Amino acid sequence: MRIATWNINSVRIRIGHVARFVTDAKPDVLCLQEIKCRDGEFPLNAFADMGMRHVHVVGQKGWHGVAIASKHKLEKLPSPPLCPAEEARTAAVRLKGVTIQTLYVPAGGETPQPVENPKFAHKLAFLERMKALYRGADTNLVLTGDLNIAPGEHDVWNHKQLLDVVSHTPVETEALEAIRVGGGFTDLMRAQTPEPAKIYTWWSYRNQDWRGSNRGRRLDHVWGTADLAPALKSMTIHDATRDWDKPSDHAPVMVELKG
DNA sequence: ATGGTCGCTAAGCGA
């Protein structure tokens, strides 16, 4: 089974990119973040044309919003209650004996100070809820999404320079690692491509020559509970999409699990 | 140190 995750930054404006990616990479399941539309505005017909006939949409007007699309029948599950602001940032489904969750963690604003920056406080509160929710061993759970944290020094283009930049501050990276360990998750991307290889999934729109300068960060993640780790066959960051016309600033990540 | 670019919706916010 192939599971992909992609912060699409508006599913309506980039529906053609989704179709091209589905044709090229043939995911069974595609988790999307930042769909930026209400449930009723989601382009279900276009997904059906791609063979993705089963879709769980958790949208809201204009901002945020997540969805899980699948070629196989899925059971919609309640969204994990992680967002203190109750924004549309989480979705979950059950499919072929596996629970798949997708998250869009708050970006956190500019300043990594919760007192003066409420957006950073919001991000930290979201992470606290993740820590509580995922504590203790689970099985057959795949967690995907834009976690808006690049946890390791090889997940950013310049570790020292980004230590005080939101997404790579110690308070965030340590929180994410504590969530991962506490939940018994394996980082499937790093299981396939261990450090010190540098791997990124996001490149700012403000870097025109994104590949030349390669100032990327690994903000998007695929975790699996430990029981699933032996099934991991491959992991691909489809960064070719970043060169398509009017791309998302994130590239899709896909893992392939045996069975 | 600054500004650089997007998408939403209709001037500015969030990323």
Side-chain angles (χ1 to χ4, degrees), chain A residues 5-21 31-43 46 57-67 82-90 102-127 144-151 155-158 160-169 171-173 176 200-221 239-253:
Chain A
T5 183
W6 195 3
N7 180 319
I8 195 63
N9 188 17
S10 172
V11 70
R12 291 178 292 178
I13 210 167
R14 257 176 282 283
I15 187 63
H17 285 205
V18 175
R20 183 173 171 188
F21 171 68
C31 303
L32 295 169
Q33 304 84 38
E34 284 205 85
I35 62 173
K36 293 190 171 177
C37 66
R38 301 178 180 93
D39 292 8
E41 296 166 332
F42 191 91
V57 183
V58 180
Q60 74 175 75
K61 177 182 162 65
W63 302 105
H64 319 309
V66 293
L82 295 171
C83 183
E86 301 197 334
E87 295 155 338
R89 293 180 178 274
T90 73
T102 200
L103 309 182
Y104 174 48
V105 173
E110 289 289 319
T111 309
Q113 313 271 353
V115 176
E116 51 194 77
N117 175 8
K119 291 199 276 286
F120 195 71
H122 183 220
K123 183 176 199 173
L124 295 181
F126 193 106
L127 294 171
T144 77
D146 177 4
L147 305 186
N148 263 317
I149 297 172
D155 297 328
V156 292
W157 66 279
N158 186 320
K160 283 187 182 165
Q161 198 163 324
L162 288 170
L163 274 171
D164 57 356
V165 173
V166 170
S167 76
H168 195 60
T169 66
V171 65
E172 296 168 84
T173 59
L176 194 67
Y200 313 134
T201 65
W202 173 88
W203 295 262
S204 171
Y205 282 126
R206 296 172 189 177
N207 274 317
Q208 312 232 344
D209 182 16
W210 70 275
R211 202 186 278 282
S213 60
N214 199 25
R215 296 186 169 191
R217 303 179 203 171
R218 186 169 73 105
L219 303 179
D220 303 274
H221 298 270
D239 59 9
T241 62
R242 191 64 179 74
D243 274 327
W244 293 354
D245 188 44
K246 298 204 183 296
S248 168
D249 44 355
H250 294 253
V253 180

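A quick note: this is a predicted structure, and the numbers were derived from the prediction, not measured. Order of the sequence lines sets the chain letters (A, B, ...), proteins ahead of strands, with each chain counted from 1.
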Compare side-chain N and O positions of A/Arg14 against OP1 and OP2 of B/dG7 and report whether any pair is under 4.0 Å apart.
-> yes
Geometric cation-pi criterion A/Arg215 and A/Trp157, 6.0 Å radius, 45° cone | yes
Sugar-phosphate only, base, or nothing, as touched by A/Lys61 at under 4.0 Å among non-hydrogen atoms | sugar-phosphate
Shortest non-hydrogen pair, A/Ile35 vs A/Phe42, comes out as CD1-CD1, 4.0 Å
Indicate the atoms forming the closest heavy-atom contact of A/Thr241 with A/Pro247, along with that distance.
-> O-CB, 3.5 Å
Residue A/Ser10, side-chain heavy atoms: nucleotide from B/dC6, B/dC8, B/dA15 that is nearest = B/dC8
For DNA chain B, whose closest nucleotide is more 5', that of A/Pro106 or that of A/Lys36?
-> A/Lys36
Nearest to the side chain of A/Gln208 - B/dT5, B/dA15, B/dG7?
-> B/dT5
Would you call the rings of A/His250 and A/Trp202 parallel, tilted or perpendicular if under 30° counts as parallel and over 60° as perpendicular?
-> tilted
Sticking with atom C1', work out how far B/dG14 lies from B/dA10, rounded to a whole angstrom.
-> 16 Å
Per atom distances to the A/Ile13 side chain, the nearest of B/dC6, B/dC8, B/dA15 is B/dC8
State whether A/Lys119 places a side-chain N or O below 4.0 Å from either non-bridging phosphate oxygen (OP1 or OP2) of B/dG14.
-> yes
